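Structure first, then comments.
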Amino acid sequence: MNVYADNAATTAMSETALNTMIPLLKTGYGNASSLYGVGQTAKEYLENARKTVADCLGAKPNEIYFTSGGSEADNQALLSAAMIGKRKGKTQIISTKFEHHAVLHSLDRLKTMGFDIVLLDVNSDGIVRPEQVAEAITDNTCLVSVMYANNEIGTIQPIREIGKICREKGVIFHTDAVQAAGHIPVNVADDNIDMLSVSAHKFHGPKGVGVLYAKTGIRLTNLIEGGAQERGKRAGTENVPGICAMAAALKEACDNMEENSKKVSAIRDRVIDGLSEIPHSRLNGARSPRLPGNVNFCFEGIEGESILLKLDDLGIQASSGSACTSGSLDPSHVLLAIGVPHEIAHGSLRLTFCETNTLEQADYVVKSVKEVVNYLRNMSPVWRDLETGVAKHII
Ligand SMILES: *Cc1c(COP(=O)(O)O)cnc(C)c1O
């Protein structure tokens, strides 16, 4: 059996997205800035996609900027809010310890530019409380950035409440909604969001396409200078087929959200229940509120990387930590942020499901992970020490 269970890293394109994109690669090749027919047709496709995306997010079309993905949207959002702050003499930025690296590394850069970065702690449930944000905001704060849902442990943040606090205090609020959009309800108006990042390939759209939403009145700073595309805020000839495929994928995901969420959470719950039977294991992050497709476990005494290799042999694609950090032997910054000790943070496994997975696959995954954990523990010196009492179990 083959089971793709790494949907938080990327998803396969849906039929709907493919059926939108492939014909457009043939016929929608016009440059949306050109005045002749094919150019103007491309422009129409582009603006229809902008309206579709805006509708899905509760935004206005002229608040939607197309980017090359979630990373670019995060970078531009943070830089823009920082520049707005700087013009007003405000230099403090509040974010959290468990953000995606697109946010954390942008903040590192802003720090070298003289901004004061405050990273909030995340509790052991994987949640940032609105009160923490309220307490951290000062007269010098120009931006709060808290992710909508975490990409490693799937925990969903109290975004509406955090947004409300920021709005009351007149601070710009950005959220990286890359894992949330298309999976759980996201509405920039209801959720008091000023800026938001989205990436197409996390909801069955193509890679290399994303969205930055910026509320009317927020002046963006360009990352890319050049032509006047995206109202002068993001130069470069638009990827019309990719953008249209993203819009189609997002609309499909939003239209089917309830049904998909029900199906995917049943798979998630079956896997969580199954893996919880493994001794000395723990689910990372609260069981609820959690993304419908996310399972993240630690198993004592073994390495995440070895679990992945063995699962790959059994036809299961999963990840340890996030795709961006795998390949390094450092434990995940997310697990460390929620207080998982170093020793067990190394033994983490993330399985992320989507609506094309099945309950039968869930059973196969549980059976396979149990076998693999047993096998690896049997040859692990660390495990032997734990079992013989030389070392103490942590979980
Ligand atoms: C995947 C991801 C990103 C990066 O998006 P890309 O389109 O791959 O650049 C940013 N933030 C989160 C939370 C993600 O999961």
Side-chain angles (χ1 to χ4, degrees), residues 4-13 17 53 57 64-79 95-109 119 122 126-128 145-157 159 162 174-184 186 193 195-213 223-224 234 236 239 242-243 245-247 249-250 253 284-285 289-296 318-327 332-335 337-338 350-354:
Y4 182 73
D6 204 10
N7 286 279
T10 196
T11 58
M13 281 180 72
V53 169
L57 298 172
I64 300 296
Y65 299 83
F66 294 123
T67 68
S68 68
S71 299
E72 185 187 330
D74 282 340
N75 275 259
Q76 192 169 11
L78 270 53
L79 180 69
S95 186
T96 79
K97 289 187 176 162
F98 78 157
E99 297 297 311
H100 190 273
H101 284 131
V103 167
L104 290 177
H105 292 170
S106 293
L107 293 174
D108 287 344
R109 156 115 43 104
L119 296 182
V122 184
I127 305 287
V128 177
S145 179
V146 178
M147 67 199 319
Y148 211 116
N150 184 271
N151 47 304
E152 290 190 34
I153 56 175
T155 50
I156 300 168
Q157 306 307 309
I159 290 302
I162 294 173
H174 165 257
T175 184
D176 174 338
V178 172
Q179 292 290 334
H183 299 279
I184 56 173
V186 172
I193 296 165
M195 300 177 104
L196 164 139
S197 311
V198 167
S199 175
H201 75 98
K202 302 294 174 73
F203 49 77
H204 303 290
K207 286 169 241 315
V209 192
V211 169
L212 170 58
Y213 153 82
L223 289 182
I224 299 176
R234 203 285 182 181
N239 172 5
I243 289 168
M246 165 169 68
L250 184 59
N284 294 311
R290 190 179 191 98
L291 287 173
N294 179 288
V295 177
N296 188 315
S319 96
S320 171
S322 73
C324 326
T325 48
S326 45
S332 132
H333 70 286
V334 173
L335 297 183
I338 65 169
R350 180 185 74 178
L351 297 153
T352 44
F353 299 95
C354 75

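Fair warning: this is a prediction, and the values are worked out from it, not measured in the lab. Numbering of ligands and ligand atoms starts at 1, following listing order.
Summary of contacts: the protein heavy atom closest to atom 6 (P) of ligand 1 is Gly70 N, 3.5 Å. For atom 3 (C) of ligand 1, the closest non-hydrogen atom of the protein is His100 NE2, 3.5 Å. Nearest protein heavy-atom neighbour of atom 11 (N) of ligand 1: Asp176 OD2, 2.6 Å.
In the vicinity of His201, heavy-atom distances shorter than 4.0 Å reach the ligand 1 atoms 6 (P), 7 (O), 8 (O). If you number the atoms of ligand 1 from 1 as listed, the ones under 4.0 Å from a heavy atom of Met147 come out as 13 (C). Shown in contact with Ser71 at under 4.0 Å from a heavy atom are these atoms of ligand 1, numbered in order with element: 4 (C), 5 (O), 6 (P), 9 (O). In the vicinity of Lys202, heavy-atom distances shorter than 4.0 Å reach the ligand 1 atoms 1 (C), 2 (C), 3 (C), 14 (C), 15 (O). Atoms of ligand 1 found under 4.0 Å from any heavy atom of Ser199, numbered from 1 in the order shown, are 5 (O), 6 (P), 7 (O). Heavy-atom contacts of Asp74 reach the following atoms of ligand 1: 10 (C), 11 (N) (cutoff under 4.0 Å). Counting the atoms of ligand 1 from 1 in the order shown, those under 4.0 Å from a heavy atom of Gly69 are 7 (O).
Nearest heavy-atom pair across Ile153 and Gly126 is CD1-CA, 3.9 Å.
At least one side-chain heavy atom of Asn284 sits less than 4.5 Å from a side-chain heavy atom of Leu335. Put simply, the side chain of Gln76 does not reach to within 4.5 Å of the side chain of Ser197, judged on heavy atoms.
Counting only N and O atoms by type, the side chains of Ser106 and Asn75 include a donor and acceptor under 3.5 Å apart. With hydrogens and angles left out, the side-chain atoms of His100 and Ser71 include no donor and acceptor closer than 3.5 Å.
With hydrogens and angles ignored, the 3.5 Å screen pairs a side-chain donor or acceptor of His333 with a backbone N or O of Glu99. The main-chain N or O of Thr155 is found under 3.5 Å from a side-chain atom of Gln157 such that the two form a donor-acceptor pair.
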